[in-house]
Amino acid sequence: MNQVITKGLVCVLILLAIVRDGNAQSHHGKAGIYSSYKGLVMAGYQGWFRTPGDGTGNNFVHYGRNGKFEDGNSTVDFWPDVSEYEKTYETSFKNTDGSIGKVFSSADKSTIDLHFKWMKQYGVDGVFMQRFFDVTRDHKNYTKSSDIILQNALNAAIKYDRAIAVMYDLSGLRAGGEDCSSIIEDWKMLVDKLKITNAGPKQNYLFHNGKPLVAIWGLGFPDRSYNIREIGINRLIEFLKNDPVYGGCSIMLGVPTYFRELNKDCLPDPYLHDLIRSADIVLPWMVQRFTPLVHNITDHYRDHIMADLAWAKENKVDYVPIVYPGFSWRNLSLGNPGLAKYTSYGAIPRLKGEFYWDLVHGSINAGAEMLYVAMFDEIDEGTAIFKVSDTPPGGATTRFVGNDGMPSDHYLFLTGQAAKMLRKEIPLTKEIPVR
């Protein structure tokens, strides 16, 4: 008798679960003005700079090592042009005129507002907000500065009609048993508490194929400690695509440049291709893989994009190439003597925008329908397109890279022109645009 009752109770519970799931309502709103990535130029946004006095602690974060930012201890190669910031913070560096060098904090609402104002002013369509794995571990703590920064960005995106989306970066995921479960819980929190995909009539979250777009970066890279077969990435993708409440999403996966061949900068694991086929967009990370110091880089890059596009079409996924203005991480590398001996300031030179424009032109000429700019604000690796100083401070041992004599907004201007040419609002030109 007890067995019959127990089995009956189990059946009732199963039926209740089926009814519950069948009646479950998605917590996402309808697509707003950004219903597809196609036709857009989006940038990656780190938002990771902190300073003493900004309310997050007493450390410089991402400006220098161990909370310090001083001569001999810098992790950024470019200096931001802070002439328009409402709040700035003093450093120990001196400008060329003897005044104190100042920087910004990403934790200030006014900083985020200014950056999105620039996006609107210059025609940058929007950004992917980088969300690192360690942030997701403590999904119950809504007071984290990273959540506050994201909330400020969501508000600014609405204010300035810019697209915004989340990119989960798997950097920090530990080998030996940790999986992607915390991302699932974090996504639930973002949807329920921040209303990230349900802003009502002012919905500015980026959708693709009519669904909220979620990016996951860091699959297939050989320098990662985790095994992509052991972190539950397939369960995460399944959840984001099919959960009745928090799913119904499109997925973009960030993978190595040579994902097609599964060699060079990519692990030789065909499982990566299975994961890509289960997604909606593939985003190969191309920073440092192309340089103007190589002969005929324009044609080489274009041909690479064309081959990627053909593979993506055959495998029924969309494709977005990366464009970037240059690369420089000399100061960051000085914390690693083994790496430092291979680095230099301006290792991939910007050439006044010529290199950036070669990549933009090559991508659009190859048939790309959308672009990803690396990055909006990353002065650590010298890929930032936001306003940087051409007359940065300096020290006895620390150097910062200038802007080749160009205006501080040069790369914002070029990115806006790229967006217009991508949408065929103005003709595509091989020559770099001028004002």
Side-chain angles (χ1 to χ4, degrees), residues 32-34 37 39-51 54-56 62 76 78-89 102-131 145-167 194-196 199-206 323 325 353 356 371-379 383-390 403 406-420 422-423 425 433 435:
I33 58 176
Y34 296 106
Y37 193 167
L40 301 182
V41 175
M42 299 284 290
Y45 191 97
Q46 300 288 18
W48 58 16
F49 298 101
R50 311 285 193 274
T51 63
D54 66 0
T56 65
H62 272 278
V76 298
F78 283 78
W79 194 277
D81 174 1
V82 296
S83 59
E84 297 177 49
Y85 288 78
E86 180 179 320
K87 294 182 178 181
T88 55
Y89 301 85
K102 298 180 180 181
V103 293
F104 68 86
S105 170
S106 304
D108 289 326
K109 181 179 180 180
S110 58
T111 291
I112 305 297
D113 188 89
L114 178 62
H115 289 171
F116 276 80
K117 179 182 178 181
W118 287 343
M119 295 176 209
K120 174 77 170 182
Q121 179 181 353
Y122 292 95
V124 181
D125 292 309
V127 289
F128 283 91
M129 300 296 295
Q130 309 298 298
R131 196 159 177 86
S145 61
S146 55
D147 295 336
I148 295 171
I149 289 169
L150 179 55
Q151 182 66 73
N152 289 337
L154 290 168
N155 294 338
I158 292 174
K159 180 178 178 180
Y160 295 107
D161 294 321
R162 297 298 91 189
I164 190 168
V166 168
M167 175 177 284
L194 271 65
K195 306 295 182 185
I196 193 168
K202 294 185 177 181
Q203 177 75 274
N204 279 68
Y205 194 85
L206 177 60
V323 295
Y356 186 47
L371 297 180
Y372 182 98
V373 177
M375 302 280 289
F376 186 86
D377 59 339
E378 186 159 330
I379 49 178
T383 59
I385 62 165
F386 75 171
K387 298 185 181 184
V388 296
S389 174
D390 191 42
N403 206 31
M406 306 306 293
S408 66
D409 65 349
H410 185 53
Y411 294 92
L412 290 170
F413 164 72
L414 292 180
T415 304
Q417 295 299 296
K420 292 179 181 179
L422 178 70
R423 292 190 288 269
E425 295 170 2
R435 285 180 278 192

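For the single chain, residues carry numbers from 1 onward in sequence order.
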Measure the shortest side-chain to side-chain distance between [X] and [Y] over non-hydrogen atoms and say whether it is less than 4.5 angstrom.
X      : Y      : value
Arg162 : Tyr34  : yes
Asn403 : Ser389 : no
Tyr205 : Val166 : yes
His62  : Gln46  : no
Tyr122 : Ile385 : no
Lys387 : Leu114 : no
Met129 : Ile149 : yes

Partners passing side-chain contact (heavy atoms from CB on, under 4.5 Å) against [X] (at least two apart in sequence or in another chain):
X      : value
Thr56  : Arg50, Asp54, Ala107, Ser145
Asn155 : Gln151
Val76  : Phe49, Tyr63, Phe69, Ser74, Ile379, Asp380, Phe400

Compare every heavy atom of [Y] with every heavy atom of [X], then report the nearest pair and how far apart it is.
X      : Y      : value
Gly39  : Leu422 : C-CD2, 3.7 Å
Gly353 : His410 : CA-NE2, 4.1 Å
Thr51  : Val103 : CG2-CG2, 4.0 Å
Ala384 : Pro325 : O-CG, 3.9 Å
Leu206 : Ala165 : CB-CB, 4.0 Å

- Task: List the steps, then state whether side-chain hydrogen bond (donor to acceptor under 3.5 Å, both in side chains) holds for Asp81 with Ser83.
- Result: CA-CA 6 Å; Asp81 174 1; Ser83 59; 2.9 Å; yes

- Task: Please step through salt bridge (Lys or Arg N to Asp or Glu O under 4.0 Å) for the pair Lys117 and Glu84, ending with a clear verdict.
- Result: CA-CA 11 Å; Lys117 179 182 178 181; Glu84 297 177 49; 5.8 Å; no

- For Asn204, all residues meeting side chain to side chain donor-acceptor pair (under 3.5 Å), sequence neighbours excluded: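 Listed in chain order: nothing, the list is empty.
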
- Query: Listed by chain and number, what are the side chain to side chain donor-acceptor pair (under 3.5 Å) partners of Asp377, not counting sequence neighbours?
  - Reply: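 Side chain to side chain donor-acceptor pair (under 3.5 Å) list for Asp377, sorted by chain: empty.
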
- Apply the side-chain contact (heavy atoms from CB on, under 4.5 Å) test between Val388 and each candidate in Phe78, Trp79, Tyr411; give the one that qualifies.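 Per the side-chain contact (heavy atoms from CB on, under 4.5 Å) rule, the option paired with Val388 is Phe78, out of Phe78, Trp79, Tyr411.
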
Which residues pass the salt bridge (Lys or Arg N to Asp or Glu O under 4.0 Å) test with [X], sequence neighbours left out?
X      : answer
Arg131 : Asp147, Asp186
Glu86  : none
Lys159 : Asp113
Lys102 : none

- Query: Hey, does the side chain of Thr111 reach the backbone of Ser106 with a donor-acceptor pair shorter than 3.5 angstrom?
  - Reply: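 Not confirmed, Thr111 side chain does not pair with Ser106 backbone.
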
- Task: List in chain and number order the residues that pass ring-ring contact (aromatic ring centres under 6.0 Å, His included) with His115, two or more places apart in sequence or in another chain; answer none if no residue qualifies.
- Result: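 ring-ring contact (aromatic ring centres under 6.0 Å, His included) list for His115, sorted by chain: Tyr45, Tyr85, Phe104, Trp118, Phe376, Phe386.
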
- Got a sec, which residues hit ring-ring contact (aromatic ring centres under 6.0 Å, His included) with Phe128, two or more places apart in sequence or on another chain?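 Scan of Phe128 (ring-ring contact (aromatic ring centres under 6.0 Å, His included), adjacent residues dropped) gives Tyr37, Tyr372.
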
- Residues Asp409, Arg435; criterion side chain to side chain contact (heavy atoms under 4.5 Å, CB included); working and verdict: CA-CA 12 Å; Asp409 65 349; Arg435 285 180 278 192; 2.9 Å; yes

- Task: Can you tell me which residue pairs pass the salt bridge (Lys or Arg N to Asp or Glu O under 4.0 Å) test with a partner in residues 118-128, sequence neighbours excluded?
- Result: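 Sorted pair list: Lys120-Asp161, Asp125-Arg423.
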
